[in-house]
Amino acid sequence: MVNEVLSPYREAVDAVIEAGGEALRQCYQCGLCTGTCPWNYLKKFSSRSLIHQAQLGTADFESEETWTCVTCRACVARCPREVAIIDIMKALRSIIAEMGAGYMPESLRVTLKNIAGAGNPLGEPAENRHQWAGDRKYPEQSELLYVPCCVSAYDPVARRIAQATAAVLDQVGVPFGVANEPERCCGESVRKAGNESLFAALAQHNIETFSRQGAGRLLTSSPHCYHTFLNEYPDLGGRFDVLHYTQYLAGLLREGKLKFGKELNIKVTYHDPCYLGRHNGVYDDPRELLRGIPGIELVEMDDYGPDSICCGGGGGRIWQENVKGERLSDLRLDQALATGADVLAVACPYCLLNFEDGVLTTSASIQVKDITELVREAL
Amino acid sequence: MGVEFEPRIVGFLCNWCSYAGADMAGTSRISYPPNLRVIRVPCSGRVDPILIVKSFQMGADGVLVAGCHPGDCHYAEGNYYARRRFAMLRPFLEYLGIEGDRFRVEWVSASEGRKFSEVVSSFTNQLTELGPRATGAAV
Amino acid sequence: MARIGVFICHCGTNIAGTVDIPTVVEAAQNMPMVVYAVDSKYNCSEPGQAAIRDAILENRLNRVVVAACSPWMHEKTFRKAVASAGLNPYLAEMANIREHNSWVHNDKQAATDKAIEIIKMAVAKVSRHEELFPKALPITKRALVVGGGIAGIQTALDIANAGHPVVLAEREPSIGGRMSQLDKTFPTLDCSSCILTPKMVDVMQHPNIKLMTYTELEQVEGFVGNFKVTLRQKARKVDHAKCTACGLCWQKCPEKVDSEFDLNLGKRTAIYIPFPQAVPPRPVIDTANCRYQKYLDFTAEGREGKAPPKCGICEKICPVGAIDWEETDELITEEFGAIVAATGYKPFEPGGYTELGKGKFADVITGLELERMMSPAGPFNGEVKRPSNGEHPKEVVFITCVGSRDKQRGRTYCSKVCCMYIAKHAIMLKSHDPEVNCYVFNMDVRTVSKDYEEFYEQAQLSGATYIRGKVSKIRQEGDQLIVRGEDTLLGEIIEVPADMVVLAVGMEHSEGAAELAQKLHISYDVNGFFVEAHPKLRPVETRSDGIFLAGACLGPRDIPETVSQGSGAAAKVCGLLSQDFLTTDPLVSVIDKVKCAGCLLCQDICPFSAIDSETLRDGRTVSVVNESICKGCGLCVAACRFGAANLHGFTQEQLLAEVLALWE
Ligand SMILES: Cc1cc2nc3c(=O)[nH]c(=O)nc-3n(C[C@H](O)[C@H](O)[C@H](O)COP(=O)(O)OP(=O)(O)OC[C@H]3O[C@@H](n4cnc5c(N)ncnc54)[C@H](O)[C@@H]3O)c2cc1C
């Protein structure tokens, strides 16, 4: 073997920094990110090594590892040097996505193409976006706009979420609308996959659509849409009052407008979605809502709140295949089962899909439900 | 072509940072235009606005106040007072008909000989471009 | 009438190379009030200074301008030269025609013109100079040391040995600080109490030291050489003059509470001394926990219901009648010439690191807790035991940088002592029990002092395994803890089963540091540590004259460094107290009582709290400058709307004269 003298690949380092990975230089290689990263319970994934390679300018753009990170923010929340590790991952990916060089998983490539073409990752026609709503008619203009996320709008399993949410809002008697001209994907995973230009186009479309309809408030089902509308659209001129439905319903509960009629008598454990919890600090509202439902005993898993483990769906991973034995959702299901809960409550369509899949493949004896479904059942 | 306009600049330099910074420019032989006349003060916070107004009244084309960088003040917080005071002085000068650009506040540390010379050069150039003070100003 | 002499220096060719000296001399001769102007090759040389002296005498000069280099260079020199001719030294002024002129301009004409103007300004200014006289103030030859850790002890002893009286004020019932909680000390492994206790006893017995424990600083007034300090002696409920330290009371007291000194690993009684070697060895009553006090409070407040038991055993048993329920806090005011703050640190509280499970797992302990376990006089009599089951641990994992080098959940800085105390712990555990295996999860091992690297090597040789990486998770499996993290050198996740985990917590500012700093008018940094006057050249001084610092209140440091600083601060204090008078710089502010409107704005602005108010006989309140505190910044002058404040050496008239001179 030849010993290679490391010559500084300045251009490569600069490219990463230029693409948003400024934090690169701050890292002092302690490895806390790697140890914190849940992947390492299933397979080797050293984010620290990846960062070090990027520091040296020897990042391997042909490696699958560029696409492994689920952007769950567990490492970022602990990093002693406050390195924006997700930004570094994003920067590496955008070099591939924008320049077309290097490896990108096929399924992700297809998804991005779908989003670019049809406006949603599933490649479904735009006109079918509101099929989940059935015959219900919505007003032309509305202050409060419900934006269900592509997955809960199109996916036959996740549709339950959108339907339950609309039903709850109707029962409480809150006037709301949906986008007249179908919205497109919020662009969160597109951005995490490094495709900035596509993200900008999607955001542009959505901001215009929402604004045209006089929307002041956006109500989301997905923490990913929530995060993007809340934190990333303002930079592009989209300023809305953004609420995840758990926040909104918890508010109604506090005001006494949301009233329950039934007792459910079940034991529930709650899985914090990364983009609601760690990314945006919303831990209490979903729990308050669950505790407010009569007959629910809420129990916590070993890791919860800021220490919660990702379902595996973030950072564009929801569109990629995970071989059996390498699924974060199974890891989390084990923790949920250990609590003895009847129901694993989620608050994100990605989590719902991943855990439903996990229950199916492992025959775990636990039900997966979105919180909004539980709310509907107890009305 | 007539004689080129040479602005006259009065500079109030704090003893601990900027005066020493000007000394440093000297010891390092970093040259700059000869238009500045230096008045040594203990602290930029000592500079009474009257001194600035008086300088303009006498005919100064520009006034420079230079002190320690924020946080470095020899007297802990004098330069903060200076900063606030001068922020209020500027509109007043403009009211008197003196362009805001004729009054400069800079932070120059004792080791920043190079910066000092750059400040004097750029201020001199700027004032040269501005030309002589307009007649009819209140001072 | 001013008779001004101007002395123009060639400085070899430094000035004369660019400035046409004869032209300047001629111009100077024609300036108003100048009666004499002359040039010299080197004004600062012996002959140059002699020439100035002679010229003053011969020409009856009463003001002098030296046109030469920067005043930073030679102002003192020329003031002295002027004084040697019998003139007040403050009647000299320098015109800087070298640094600000000949060295930065190449054009001879321009430089010559500029030199003339600079001298003109100096002449205008010097004509308004007045005679100024430094003041001599008496000094109270007594020092106050706040904080009785090893830093304060060393400081107090050194000052006392130099012959000055010292008051040592410590807020806990005993002196000794954190060092008294330690078992052995690196890098020599001598037992902490063996080297500390004799010093504590020295403090108690020293004729020049007055020890005040259970005492806090209440208020500070005055200034260098003349501080007036109010101290609060907290109620001990025990008359220490009577108490013989026989120990009967704390042996018999029935109320047992967690011992702070033992970090809650052991118990103490409600009347107590914190540890057996405590100095003074006399007890205090912890009134929050004392049964009799609760009974007294109950009856005094006339509450309903069942009264707590009327205990009072200590009072009954005390052979000398030292228990005094009537005792209350006492405020004592004393005068000092100098104050030293030596208030130390507190260990970092690791609760925020949820992944490490402190509080959740009993066998996760801190380094200081381990010190208490290992101490023969500690709660476990020197036996290291797992808090969960009392067994001796065989597998011990250490985790460094808990709270240190962590922007997000801790402090940005390195705490300096942790790498070393872990090496110490590893060596000690092995010597307690050869079957123990130690693993040290570390970041970078930092051992930068004499004999430290060798000590680290000794730890490795003793069998400690060093793993480079930060721990990301601790979980319980059976009765063991599994410690998980990336071994960054292998690039692999590793898990180490442990019986006990020791967190090397860093050092943080002590409780109440900010409040103390405010009382002393000294600054503290973003981390709550006190700020030295200069990080390199004045490491134990503050920007407030007469107030000094020593030890871990300045930032993390070990005992050797702390002790050196204690001695350093003592030397500074002795330097001050060995003077009979304090001479003050006369370049200070004055406030004209007639013009002063009494708005007192200057008091708010003064960074040194050097301005007091005074009520005149006509009933008006005016500001007065305390010349011994004033540093001459002149902020008050610029702020005064009534033209009442002025600054000697930089008066309004002098500065205006400089401006006007440019257009004369
Ligand atoms: C686990 C551990 C092990 C260590 N082992 C070693 C070792 O082996 N060798 C070594 O060299 N160093 C060691 N150190 C470091 C050592 O503890 C410090 O260097 C030393 O204690 C600093 O002394 P100090 O006097 O500055 O502070 P402290 O020991 O903290 O003393 C400060 C004193 O001031 C008092 N005080 C605080 N505030 C006030 C107030 N407002 N008014 C009155 N009194 C006040 C406190 O009660 C205390 O008595 C170790 C540290 C830790 C955490």
Can you confirm whether more than 12 heavy atoms, excluding those of Glu321(A), are under 6.0 Å from its CD atom? no
Tell me, yes or no, whether the heavy-atom count around Glu64(A) atom CD, taken from other residues, nucleotides or ligands under 6.0 Å, exceeds 12. no
Need one label for Ala77(A): side chain, backbone, both or neither, based on atoms under 4.5 Å from any heavy atom in chain C. backbone
Flag if over 12 foreign heavy atoms under 6.0 Å of NZ, Lys450(C): no
Checking Asn40(A) against chain C: side chain, backbone, both or neither under 4.5 Å from a heavy atom? both
What part of Val83(A) gets closer than 4.5 Å to chain C, counting heavy atoms only: side chain, backbone, both or neither? neither
Note, Arg409(C) side chain near Pro80(A) side chain (heavy atom, < 4.5 Å): no
Shortest non-hydrogen pair, Arg48(A) vs Gly491(C), comes out as NH2-CA, 3.6 Å
Please indicate whether Tyr304(A) has more than 12 foreign heavy atoms, meaning atoms of other residues, nucleotides or ligands, lying under 6.0 Å from its OH. no
Greater than 12 external heavy atoms within 6.0 Å of Glu457(C)'s CD: no
Cation-pi check, Arg78(A) to Tyr353(C): give yes when NZ or CZ is under 6.0 Å from the six-membered ring centre and within 45° of the ring axis, no otherwise. no
From Glu82(A) atom CD to Gln408(C) atom CD, the distance as rounded to the nearest 0.5 Å: 5.0 Å
Can you name the one residue among Thr34(A), Thr36(A), Leu32(A) that meets side-chain contact (heavy atoms from CB on, under 4.5 Å) with Glu486(C)? Thr34(A)
The reported gap from CH2 in Trp39(A) to CD1 in Ile493(C) (rounded to nearest 0.5 angstrom) is 14.0 Å
Using the salt bridge (charged side-chain N to carboxylate O under 4.0 Å, His left out) rule, take Asp303(A) and Lys473(C) through it: C-alpha gap first, then chi angles, then the decisive distance, then the call. CA-CA 11 Å; Asp303(A) 297 305; Lys473(C) 180 91 187 164; 2.5 Å; yes
Per-residue contact mode, Arg405(C) against chain A (heavy atom under 4.5 angstrom): both
Are there more than 12 heavy atoms of other residues, nucleotides or ligands under 6.0 Å from atom CG of Asp284(A)? no
At a heavy-atom distance under 4.5 Å, which candidate from Thr488(C), Ile494(C), Asp487(C) has the highest pair count against chain A? Thr488(C)
What distance separates Asp444(C) CG from Cys30(A) SG, expressed to the nearest 0.5 Å? 10.0 Å
So for Tyr41(A), is it side chain, backbone, both, or neither that comes closer than 4.5 Å to the heavy atoms of chain C? both
Nearest 0.5 Å please: distance from the SG atom of Cys79(A) over to the NZ atom of Lys407(C). 8.5 Å
